[in-house]
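Because the structure is a prediction, the values reported are computed rather than measured.
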Amino acid sequence: MKFSAMRTLVVAILLITGSVTQAQITTQFGPDGFVKIEEGSGGFFATLDAGDRFSRDHDQAGDINGDGIIDLVIGARSDDDGATDAGAVYILFMNRDGTVQSNQKISALEGGFTDTLFASNYFGYGVAGIGDYDNDSIPDIAVSAPSSSNTALYIIHLNSNGTVKSFVKNSTIMAQGLSAVGDLNNDGRIDLVACDPGSDLGGTNIGAIRFIFFNSSSQLIPAQTVLINPLSGGFGAGLVAGDQFGGREVAMLGDLDNDGTKELAVGAFNSDGGKGAIWMLSLDSSTLNVVSKLKITEGLNGFTDTLTLGGNPNGSQGANFGHALCKVGDLNGDGVPDLMTGANQQNEGWGYILYLNADKTVKTYTRLNMASGGFGFTHTPAERFSRSISFLGDLRGDGTIAVNYGGGAGGLGAQGATGALYLMFFKPCDFDEQTGFNHWIGGNTLFTNWDHPTQMLTSDSLTFEQCTFKAFETDAPYLTYNFNDGRCICKDSTATLATSIELSTAFSNGCYSGFVTTDVNKLTIEEEFTSLIYPNPTRSSIVLTTTNTSFSKNDRIRLYNIMGKLLYTSSIEEQQMKVDLSAYPSGVYFLDTSINGVSKSFKVVKE
């Protein structure tokens with residue numbers, strides 16, 4: 001790709017006028033390691049059999065044992081306790097590092113569960129953390145059993161050791177997947193979406209979802225159920241027989257475009273010949289009926305990756321894009337929540353981060369697989385990585401977020417193919433833009449898609465988010481990015497900065513392992529000046545104080561939540577500044593300061 005005459009003219013004008021971009025820091029979430037949880041690994045010690053499908057579905061379940069750490073509920077829908085494929089659920093008590101402290105199995109034979117499960121009952125096909133339904137200060141769970149002979153959704157009230165205190169069986173609710181979507185009717189209980197991709201209402205296997213609500217006795221309220229399929233809920237045209245709309249999990253994204261509707265992402269993993277698709281539904285805030293919709297698939301509404309077609313070893317067709325979905329917060333700092341999904345039949349199974357625009361289209365994407373994403377996975381083709389996805393949050397309490405990716409067909413236990421879960425950590429990383437148009441020269445090139453002699457791209461143009469992931473993958477301290485043509489060049493620490501006449505922008509990677517990075521748990525840092533925040537923890541407000549005595553318009557203070565969402569920003573104009581946190585909920589926040597070109601980050605605990 002050569003520079004056009006128009007671009008050359010633009011460069012000349014900028015050089016004559018002296019116009020330059022203002023330096024800023026962009027925070028991107030990138031890979032920070034993973035823990036593989038399977039039989040005998042990651043602290044998980046249980047007896048799994050071949051085909052148990054451990055991690056077929058999973059969710060964060062809150063702090064069940066009261067140790068201050070989020071725990072997990074994991075489905076194993078083909079466990080054979082009591083009968084072949086009767087199913088089971090595991091409660092995993094977690095350590096902060098992502099390993100398992102201990103576990104409790106719930107099945108027809110263990111954990112205090114007393115209902116009768118039949119062969120092919122598939123108890124645990126769908127699981128969800130639902131908070132405290134029975135008001136005993138211990139979180140509870142929902143578990144589906146989509147057998148035609150014993151179709152049920154169980155609300156299971158737990159003891160603090162993960163055993164069953166009591167349960168309520170809600171019959172006839174078909175759910176091959178469950179998603180907790182928040183308290184939609186404001187009754188103090190978390191509500192659910194039951195996914196039914198095998199529904200024949202409107203066409204064979206066309207699929208459906210149901211919003212379901214429960215009363216104070218954990219019983220379904222039928223009159224409040226909202227069915228969405230081609231015949232109900234305002235969806236209308238767009239689906240055909242075999243699409244399997246509903247997938248296994250949906251993602252409630254909130255009001256992306258601030259128009260008063262709620263956006264819900266729903267997969268249809270067998271659409272378009274098996275390639276798969278995601279439907280972005282805008283829902284009326286009162287009726288939850290579809291007001292408008294938008295389809296995301298290969299070549300449509302911003303998603304440009306190629307999805308596979310053809311038969312798979314298990315008899316399915318295509319990539320199965322959109323099989324599972326998970327809201328993960330704002331990972332690229334543009335103010336719009338992002339979405340994780342996968343194509344579990346794409347080669348060995350690929351995960352995706354979909355960075356969203358406010359209009360529900362895809363801004364860009366990042367692959368999470370063996371070749372991309374920076375995690376260094378080794379998957380087998382049959383593992384079906386990304387078949388299930390759930391959000392765990394700040395498990396470590398350090399500002400990182402954890403996301404679970406499961407396969408259900410992997411696992412290296414004594415029996416093989418028992419199922420495995422990947423608990424993946426993503427950390428916030430600052431990319432510090434160098435003032436003006438610059439690029440890094442010399443040194444060693446760790447990655448590039450640009451050939452300087454020919455002024456041509458050597459491979460696909462990359463977005464900025466994709467370029468930062470190349471820096472993560474190569475542990476590059478410096479990257480050069482051009483917002484006009486998508487060139488991305490990652491350099492090692494011996495590179496030097498030079499002026500760019502081609503409108504390139506130079507960044508330094510704050511997560512490069514060779515840099516001395518700020519410890520966000522330290523409150524005082526000595527460099528050109530001293531900054532301090534107090535009190536910490538706080539119940540209402542914090543005060544930033546600095547020994548710096550002169551300030552410019554570029555000196556800023558910014559407050560972020562643990563998802564990287566910007567909550568507050570202000571210029572710094574004096575040595576003491578008060579930031580009011582009284583309107584924000586209890587939790588961990590990050591206060592970023594930039595003074596005289598020196599950036600610092602403080603971890604703040606709001607009690």
Novice: Keeping the roles fixed (side chain from Thr26, backbone from Asp432), state whether a donor-acceptor pair exists under 3.5 Å.
Specialist: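 No.
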
Novice: Of all heavy-atom pairs between Asn312 and Gly318, which one has the smallest distance, and what is that distance?
Specialist: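 Closest approach of Asn312 to Gly318, heavy atoms only: ND2-O, 2.9 Å.
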
Novice: Would you compute the distance between atom CG of Leu479 and atom OG1 of Thr505 and round it to the nearest 0.5 angstrom?
Specialist: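 It comes to 10.0 Å.
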
Novice: I need the single residue from His439, Glu502, His452 that forms a side-chain hydrogen bond (donor to acceptor under 3.5 Å, both in side chains) with Arg487. Which is it?
Specialist: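 Testing each of His439, Glu502, His452 against Arg487, the sole residue satisfying side-chain hydrogen bond (donor to acceptor under 3.5 Å, both in side chains) is Glu502.
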
Novice: Apply salt bridge (charged side-chain N to carboxylate O under 4.0 Å, His left out) to Arg367 and list each qualifying residue two or more places apart in sequence or on a separate chain.
Specialist: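 Here the qualifying residues are Asp305.
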
Novice: Can you list the residues that meet the ring-ring contact (aromatic ring centres under 6.0 Å, His included) rule with Trp440, with sequence neighbours excluded?
Specialist: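 With neighbours one apart ignored, the set is Tyr478.
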
Novice: Looking only at atom types and distance, does a side-chain atom of Asp359 sit under 3.5 Å from a main-chain N or O of Thr361, one as donor and one as acceptor?
Specialist: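 Confirmed, Asp359 side chain pairs with Thr361 backbone.
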
Novice: Tell me the closest heavy-atom pair linking Lys327 and Met252, and the distance in Å.
Specialist: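 Shortest heavy-atom contact: CD-O, 3.2 Å.
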
Novice: What do the steps show when you test Thr445 against Lys491 for side-chain hydrogen bond (donor to acceptor under 3.5 Å, both in side chains), and what is the final call?
Specialist: CA-CA 5 Å; Thr445 301; Lys491 293 277 191 177; 3.0 Å; yes

Novice: List the residues meeting side chain to side chain donor-acceptor pair (under 3.5 Å) with Asn444, not counting sequence neighbours, and say none if there are none.
Specialist: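 With neighbours one apart ignored, the set is Asp492.
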
Novice: Quick one: do Gln455 and Trp450 satisfy side-chain contact (heavy atoms from CB on, under 4.5 Å)? Show the steps, please.
Specialist: CA-CA 7 Å; Gln455 291 286 285; Trp450 183 257; 3.7 Å; yes

Novice: Hey, what's the ring geometry for Phe385 with Tyr422, parallel, tilted or perpendicular (30° and 60° as the breaks)?
Specialist: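 Geometry flag for Tyr422 against Phe385: perpendicular rings.
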
Novice: Take Ile572 and Leu544 through the side-chain contact (heavy atoms from CB on, under 4.5 Å) test and state the conclusion after the steps.
Specialist: CA-CA 10 Å; Ile572 299 176; Leu544 168 73; 4.1 Å; yes

Novice: Any side-chain donor paired with an acceptor under 3.5 Å for Ser500 and Asn438?
Specialist: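 Not at all, the side chains of Ser500 and Asn438 share no donor-acceptor pair under 3.5 Å.
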
Novice: Can you name the closest pair of heavy atoms from Ser504 and Thr480 and give their distance?
Specialist: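 Heavy-atom minimum between the residues: CB-CG2, 3.7 Å.
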
Novice: Pair Ile557, Met577 - check side-chain contact (heavy atoms from CB on, under 4.5 Å), show working.
Specialist: CA-CA 9 Å; Ile557 186 170; Met577 281 196 63; 4.0 Å; yes

Novice: Please, which pairs that meet salt bridge (charged side-chain N to carboxylate O under 4.0 Å, His left out) have at least one residue in residues 265-276, sequence neighbours excluded?
Specialist: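 Checked against salt bridge (charged side-chain N to carboxylate O under 4.0 Å, His left out) - neighbours excluded - the pairs reaching residues 265-276 are Asp272-Lys295, Lys275-Glu298.
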
Novice: Using a 4.5 Å cut-off on heavy atoms from C-beta on, say whether the side chain of Leu368 contacts that of Ile353.
Specialist: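 Yes, close enough: below the 4.5 Å cut-off.
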
Novice: Among residues at least two apart in sequence or on other chains, which ones pass ring-ring contact (aromatic ring centres under 6.0 Å, His included) with His323?
Specialist: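 His323: ring-ring contact (aromatic ring centres under 6.0 Å, His included) contacts with Phe269.
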
Novice: Only counting residues at least two apart or in another chain, list the ones meeting side chain to side chain donor-acceptor pair (under 3.5 Å) with Thr569.
Specialist: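 Here the qualifying residues are Arg556.
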
Novice: Using only heavy-atom distances, determine whether the side chains of Thr308 and Gln346 contain a donor-acceptor pair under 3.5 Å.
Specialist: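 Side-chain D/A pair, Thr308 to Gln346: present.
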
Novice: Leu331 versus Tyr355: any side-chain heavy-atom pair under 4.5 Å?
Specialist: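 Yes, close enough: below the 4.5 Å cut-off.
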
Novice: Does a side chain donor of either Ser459 or Asn449 reach within less than 3.5 Å of an acceptor in the other side chain?
Specialist: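 No - no donor-acceptor pair under 3.5 Å links their side chains.
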
Novice: Is the NZ atom of Lys262 crowded by more than 12 outside heavy atoms at less than 6.0 Å?
Specialist: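 No, because the 6.0 Å sphere around NZ of Lys262 holds 12 heavy atoms or fewer from other groups.
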
Novice: Would you mind reporting whether Met94 and Ile37 have side-chain heavy atoms less than 4.5 Å apart?
Specialist: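 Yes, close enough: below the 4.5 Å cut-off.
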
Novice: Return yes if some donor-acceptor pair links the side-chain N/O of Thr304 with the main-chain N/O of Gly299 below 3.5 Å, else return no.
Specialist: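 Looks like no, no N/O pair under 3.5 Å.
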
Novice: Please report the shortest heavy-atom distance between Cys429 and Asn509, naming the atom on each side.
Specialist: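 Between these two residues, the closest heavy atoms are CB-OD1, 4.4 Å.
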
Novice: Within a strict 4.5 Å, meaning less than it, do heavy atoms of the Cys511 and Lys427 side chains meet?
Specialist: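 Yes, at least one pair of side-chain atoms sits under 4.5 Å.
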
Novice: Name all residues meeting the ring-ring contact (aromatic ring centres under 6.0 Å, His included) criterion together with Phe472; count only those two or more places apart in sequence or in a different chain, and write none if there are none.
Specialist: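 Scan of Phe472 (ring-ring contact (aromatic ring centres under 6.0 Å, His included), adjacent residues dropped) gives Phe431, Phe469.
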
Novice: Donor-acceptor pair, distance only, cut-off 3.5 Å: does the side chain of Asp394 make one with the backbone of Asp398?
Specialist: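 Yes, because the side chain of Asp394 sits within donor-acceptor range (under 3.5 Å) of the backbone of Asp398.
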
Novice: Parallel under 30°, tilted from 30 to 60°, perpendicular over 60°: which one fits the rings of Phe375 and Phe377?
Specialist: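 Phe375 vs Phe377 ring planes: parallel.
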
Novice: Listed by chain and number, what are the salt bridge (charged side-chain N to carboxylate O under 4.0 Å, His left out) partners of Lys470, not counting sequence neighbours?
Specialist: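 Testing Lys470 for salt bridge (charged side-chain N to carboxylate O under 4.0 Å, His left out), a comparison that skips the adjacent residues, returns Glu473.
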
Novice: Sequence neighbours left out, what pairs pass disulfide bond (SG atoms under 2.5 Å apart) with at least one residue falling in residues 430-462?
Specialist: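 Residue pairs with at least one partner in residues 430-462: there are none.
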
Novice: I need the Tyr568 OH to Leu591 CG distance, nearest 0.5 Å.
Specialist: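 Going from the OH atom of Tyr568 to the CG atom of Leu591 covers 9.5 Å.
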
Novice: What pairs with Phe483 under ring-ring contact (aromatic ring centres under 6.0 Å, His included), at least two apart in sequence or on another chain?
Specialist: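 Result, ring-ring contact (aromatic ring centres under 6.0 Å, His included) vs Phe483: Phe464, Tyr481.
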
Novice: Taking C-beta and beyond as the side chain, do Gln28 and Pro428 meet within less than 4.5 Å on heavy atoms?
Specialist: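 When only atoms from C-beta onward are counted, Pro428 and Gln28 do not touch, as no gap falls below 4.5 Å.
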
Novice: How close do Tyr405 and Thr341 get, heavy atom to heavy atom, and via which atoms?
Specialist: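 What the structure gives for the nearest pair is OH-O, 3.1 Å.
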
Novice: Output, in order, the C-alpha distance, side-chain angles, deciding distance and verdict of side-chain contact (heavy atoms from CB on, under 4.5 Å) for Leu392 and Ile70.
Specialist: CA-CA 8 Å; Leu392 187 52; Ile70 301 169; 3.3 Å; yes

Novice: Quick check: closest heavy atoms across Gly98 and Val35, and the distance to 0.1 Å?
Specialist: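 That closest heavy-atom pairing would be O-CG1, 3.6 Å.
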
Novice: If a pair satisfies disulfide bond (SG atoms under 2.5 Å apart) and one of its residues is in residues 454-483, list it, with sequence neighbours excluded.
Specialist: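 Every pair satisfying disulfide bond (SG atoms under 2.5 Å apart) with a residue in residues 454-483: Cys467-Cys488.
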
Novice: Can you confirm if the aromatic rings of Tyr352 and Phe303 lie within a centre distance of less than 6.0 Å?
Specialist: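 Yes: the rings meet the under 6.0 Å criterion.
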
Novice: So, does Ser41 use its side chain to make a donor-acceptor pair with the main chain of Glu38 at under 3.5 Å?
Specialist: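 Not a single qualifying donor-acceptor pair exists.
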
Novice: Could you give all pairs that pass the salt bridge (charged side-chain N to carboxylate O under 4.0 Å, His left out) test and reach residues 332-358, with sequence neighbours left out?
Specialist: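 Non-adjacent pairs meeting salt bridge (charged side-chain N to carboxylate O under 4.0 Å, His left out): Asp334-Lys363.
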
Novice: Any donor-acceptor pair under 3.5 Å linking the side chain of Thr538 with the backbone of Ser540?
Specialist: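 Yes, because the side chain of Thr538 sits within donor-acceptor range (under 3.5 Å) of the backbone of Ser540.
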
Novice: Quiz question: by atom type and distance under 3.5 Å, do the side chains of Glu263 and Thr261 form a donor-acceptor pair?
Specialist: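 Judged by distance alone, the side chains do pair up.
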
Novice: Taking atom types as modelled, find out whether Ser282 and Lys293 have a side-chain donor-acceptor pair closer than 3.5 angstrom.
Specialist: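 No, no side-chain donor-acceptor pair sits under 3.5 Å.
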
Novice: What I want to check is whether the side chains of Ser390 and Asp59 have a donor and an acceptor closer together than 3.5 Å.
Specialist: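 No, Asp59 and Ser390 have no side-chain donor paired with an acceptor closer than 3.5 Å.
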
Novice: Under 3.5 Å, is there a donor-acceptor pair between the Thr400 and Asp32 side chains?
Specialist: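 The criterion, which ignores hydrogens and geometry beyond distance, is not satisfied for Asp32 and Thr400.
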
Novice: Please answer whether the main-chain N or O of Ser372 pairs with a side-chain N or O of Asn369 as donor and acceptor at a distance below 3.5 Å.
Specialist: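 Yes, Asn369 side chain to Ser372 backbone: donor-acceptor pair under 3.5 Å.
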
Novice: Between the side chain of Ser271 and the main-chain N/O of Ala268, is any donor-acceptor distance below 3.5 Å?
Specialist: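 Present.
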
Novice: Do Met280 and Ile296 have side-chain heavy atoms sitting under 4.5 Å apart?
Specialist: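 Of all side-chain heavy-atom pairs linking Ile296 with Met280, at least one is under 4.5 Å.
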
Novice: Could you check whether any side-chain heavy atom of Leu497 comes within less than 4.5 Å of a side-chain heavy atom of Ile441, counting everything from C-beta outward?
Specialist: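 No - every pair of side-chain heavy atoms lies 4.5 Å or more apart.
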
Novice: Going by heavy atoms in the side chains, are Tyr365 and Gln466 under 4.5 Å from each other?
Specialist: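 Heavy-atom side-chain distance check passes, below 4.5 Å.
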
